[in-house]
Every structure is written in C-alpha cells, then in structure tokens.
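Please read the structure below before turning to the comments.
All chains are named by letter (A, B, ...) in the order of the sequence lines, taking the proteins before the strands, and each is independently numbered beginning at 1.
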There are 2 protein chains.
Amino acid sequence: MDKNLLTKARNTLTKYLEENGRRKTPERYAILDTVFAMGGHFTLDMLGQKMEQDNFRVSRATIYNAINLFLKLRIVIKHNIQNESFYEVYSDDNHCHQICTVCGKVKEVQNADIYEFISNMRLKRFHQRGFNLYIYGVCSTCQAKITRKKTREKTKK
Amino acid sequence: MDKNLLTKARNTLTKYLEENGRRKTPERYAILDTVFAMGGHFTLDMLGQKMEQDNFRVSRATIYNAINLFLKLRIVIKHNIQNESFYEVYSDDNHCHQICTVCGKVKEVQNADIYEFISNMRLKRFHQRGFNLYIYGVCSTCQAKITRKKTREKTKK
DNA sequence: TTTACTGCAAATATTTTGCAATATC
DNA sequence: GATATTGCAAAATATTTGCAGTAAA
C-alpha cells in the first residue's frame with residue numbers, strides 16, 4: 001500500500017479533527033492504519049478481525065463511527081456488491097471495477113481513457129468530485145464452467 | 001413508463017418461469033406491474049406501500065423473492081445510495097447517475113457517448129454485460145447553500 | 001474541567017429462512 | 001396429487017443510538 005497515501009490520509013484526518021473541535025483518539029488512528037493495512041476490498045468484519053489479531057480492541061460502534069468519518073473525508077469508499085458492503089482506500093485511480101455476477105469476484109480496471117472521458121464530462125448544474133464505474137459481466141473462469149455445463153446437458157439429450 | 005418495456009419484462013419473466021419449472025403466480029406479476037408503475041427510483045418500502053394502496057396484499061418475503069428474481073433476470077437494477085437500497089426498471093439508458101453527496105439527490109445523466117465508450121471497452125478475460133456509472137459531486141442547490149454559509153462566516157470575522 | 005468519544009447493550013433496519021397452508025401445474 | 005410459492009414469524013445481519021464511564025483538550 002502506498003505510504004504517501006497513508007500519510008496524506010492521516011493529515012486529512014488530523015486537519016479535520018483539529019479544525020472541527022473533535023478529538024484525536026488512538027482508536028481513530030489505529031482504525032485508519034488498519035484500513036491501509038487491509039489492502040484492497042474489505043468488510044468491516046474483516047477489519048475488526050484484523051484489529052483483534054493486532055491486539056487492538058475496539059468496539060463495533062467505534063469502527064462504524066470512524067469509517068463513517070473516513071467516508072465523509074473521502075479517505076475510503078464503499079461498494080455494495082451483491083448485498084454486502086465492501087470498503088477500500090480511496091485513491092485517484094480506483095473507481096473502475098469489473099464485477100463477475102456469477103462468483104462476485106471484483107477486479108480493478110486500469111484504463112486511463114475512461115478516467116479522462118468521465119472527468120471531462122460537463123454536467124449541468126453539478127460540480128463533479130469523483131465517480132465509480134462498475135462493469136458487470138462474467139469472468140472467464142465462470143464462463144468456462146457455464147460452457148462445460150451446457151456441453152454436458154447437450155450430451156445427455 | 002415505456003409500455004414495450006413492461007411487455008418485454010413480462011415475457012422475460014414468463015419465459016424464465018416456464019423454462020425452469022417455476023410458477024406463474026399472481027404475486028409475481030402484480031409486483032412486476034407495480035415496479036413499472038413506480039417510475040424511477042424506489043425503495044422496497046415504497047413498493048410495498050404502493051401495492052397496499054392498490055389493495056394487493058403481499059408479504060415482505062414475497063416482495064424480496066420477486067425482486068431478487070427480477071434482479072437476476074435483469075428486469076430491475078439496484079443502487080445503493082448513502083446506505084439505502086434503491087431499485088429501478090432496467091433499461092438500456094439508465095446506468096449513469098449523478099449523485100449529490102450533500103443532499104443525496106440522484107439524477108440520470110443522458111450522454112450517449114459514455115454508453116458507447118464503456119460498451120466498447122475491451123476487458124481481458126471478461127465478458128461484459130452492462131455497467132453502472134455513479135458520478136459524485138455537489139448539485140448547484142447545495143453548492144449555493146455552502147457558498148452562502150461561507151460568506152456569512154467570513155462576514156462574522 | 002469540560003465535553004467528545006468509547007464500549008456496551010439495546011434498538012432499529014434490512015434481508016433471509018423455516019414451516020405450515022395454499023395454489024399452480 | 002406433487003411440489004413450488006406464499007404468508008407469517010423468527011432468525012440472521014447490518015447499522016445506529018442511548019448512556020455511563022473515560023480520556024483528550
């Protein structure tokens with residue numbers, strides 16, 4: 001995970017807390033560090049487990065509190081994939097995901113053109129800050145399984 | 001709401017039910033009709049209320065059952081916006097939304113180019129079926145409020 | 001010292017599931 | 001008649017909230 005991104009996130013958090021009369025609690029910084037240690041998509045359950053492993057005890061409520069703050073500060077983004085909430089570190093190049101609707105696997109798509117295209121869209125009476133693009137379909141692994149299944153069915157007939 | 005789309009959706013549903021040994025229950029068709037009567041984004045709560053108004057009693061479990069089937073058949077799509085689930089009829093031109101992160105207002109973006117651009121993206125080892133693009137930002141109404149607030153604060157100092 | 005934050009438990013909200021009754025095929 | 005589906009209630013999940021104790025400022 002990018003170290004600069006973590007430093008930047010810590011600064012964003014500190015700045016916000018100081019400017020808004022809120023407190024720099026160890027919990028908030030520990031949760032932030034764990035978020036960055038997760039690497040990629042994670043659920044709040046996974047985050048909680050990781051913190052337990054690291055022997056840092058925090059309540060669920062505090063995790064929600066921190067994550068909601070991070071969402072607001074755009075330090076993390078949230079994805080809802082097949083009725084489950086996933087989070088990940090927000091960076092400038094991770095808003096484009098391909099999702100297999102069969103196995104649910106998520107992959108980041110690297111395509112500079114799409115970022116440029118969307119960033120340059122001029123929307124009326126709207127000030128764009130960012131975007132999320134989800135491309136749905138079937139990954140090659142699942143496609144292969146489906147094809148094999150179909151072949152078997154035909155053979156039976 | 002487009003009548004052809006409803007007819008098409010009814011046919012899709014009927015075809016699926018017949019081909020898979022499942023039953024054409026009045027509930028499923030009533031829920032389908034109500035989905036099309038909703039117009040735009042709706043929550044399952046709103047859908048349930050609408051059906052009650054229309055004097056068609058269905059249990060919550062049946063609504064979930066039907067909606068999950070419709071999702072699978074791509075008759076409806078689901079959006080998760082600020083921790084709430086919204087649904088809408090799936091059509092070829094409703095996958096691009098702008099969302100105000102302040103007031104939560106959602107608007108569909110009409111931009112033919114974006115559909116073409118994304119549809120033509122060639123993804124490795126992945127068979128694309130569709131996409132959802134969410135553009136986040138601040139709508140002009142909220143922007144105006146923020147500006148006014150900032151002006152007041154400066155005046156105070 | 002003040003009061004924002006945490007942990008805990010309870011409350012609320014959302015979605016799924018088990019099961020008996022019902023209705024489709 | 002066989003069994004998929006419904007309604008209901010309970011269970012499982014996910015998230016928020018109230019409150020007393022704690023700790024940051």
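By the 4.5 Å heavy-atom criterion applied to side chains, A/L32 and A/F36 are counted as neighbours. With a 4.5 Å cut-off on side-chain heavy atoms, A/I99 and A/K107 do not count as touching.
The closest side-chain donor-acceptor pair between A/N83 and B/K78 falls under 3.5 angstrom. Donor-acceptor pairing under 3.5 Å is lacking for the side chains of A/Y115 and A/H95. No hydrogens or angles considered: nothing links the side chains of A/R129 and B/Y136 as a donor-acceptor pair under 3.5 Å.
The CG atom of A/L47 sits 15 Å away from the C1' atom of D/dT15 (whole-angstrom rounding). Protein atom CD1 of A/I31 is 13 Å distant from nucleotide atom P of C/dC5, rounded to whole Å. Taking atom CD of A/E18 as the reference point, atom C1' of D/dA24 lies 12 Å away to the nearest angstrom. Protein atom CG of A/N20 is 10 Å distant from nucleotide atom P of C/dC5, rounded to whole Å. Atom CE in B/M51 sits about 11 Å away from atom P in D/dT6, given to the nearest Å. Rounded to an integer number of Å, the gap from B/E52 CD to D/dG7 P is 12 Å.
The stretch residues 55-74 of chain A participates, sequence neighbours left out, in no ring pair (Phe, Tyr, Trp, His ring centres under 6.0 Å) pair at all.
The phosphate of C/dC5 has neither OP1 nor OP2 within less than 4.0 Å of any side-chain N or O from A/N65.
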Practice task
Run the numbers on A/Q49 and A/E52 for side-chain contact (heavy atoms from CB on, under 4.5 Å), then give the verdict.
Solution key: CA-CA 5 Å; A/Q49 271 177 268; A/E52 211 165 313; 5.5 Å; no

Completion exercise
Scoring nucleotides 8-16 of chain C by protein non-hydrogen atoms under 4.0 Å (B base, S sugar-phosphate only, - none) yields B-----SBB

Practice task
Would you give a per-nucleotide map of nucleotides 20-25 of chain C, 5' to 3', where B means the base has a protein non-hydrogen atom under 4.0 Å away, S means only the sugar-phosphate does, and - means neither?
Solution key: ---BBS

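Residues A/V76 and A/V106 fall into different hydrophobic clusters, defined by Ile, Leu, Val, Met, Phe, Trp and Tyr side chains chained together at heavy-atom separations under 4.5 Å.
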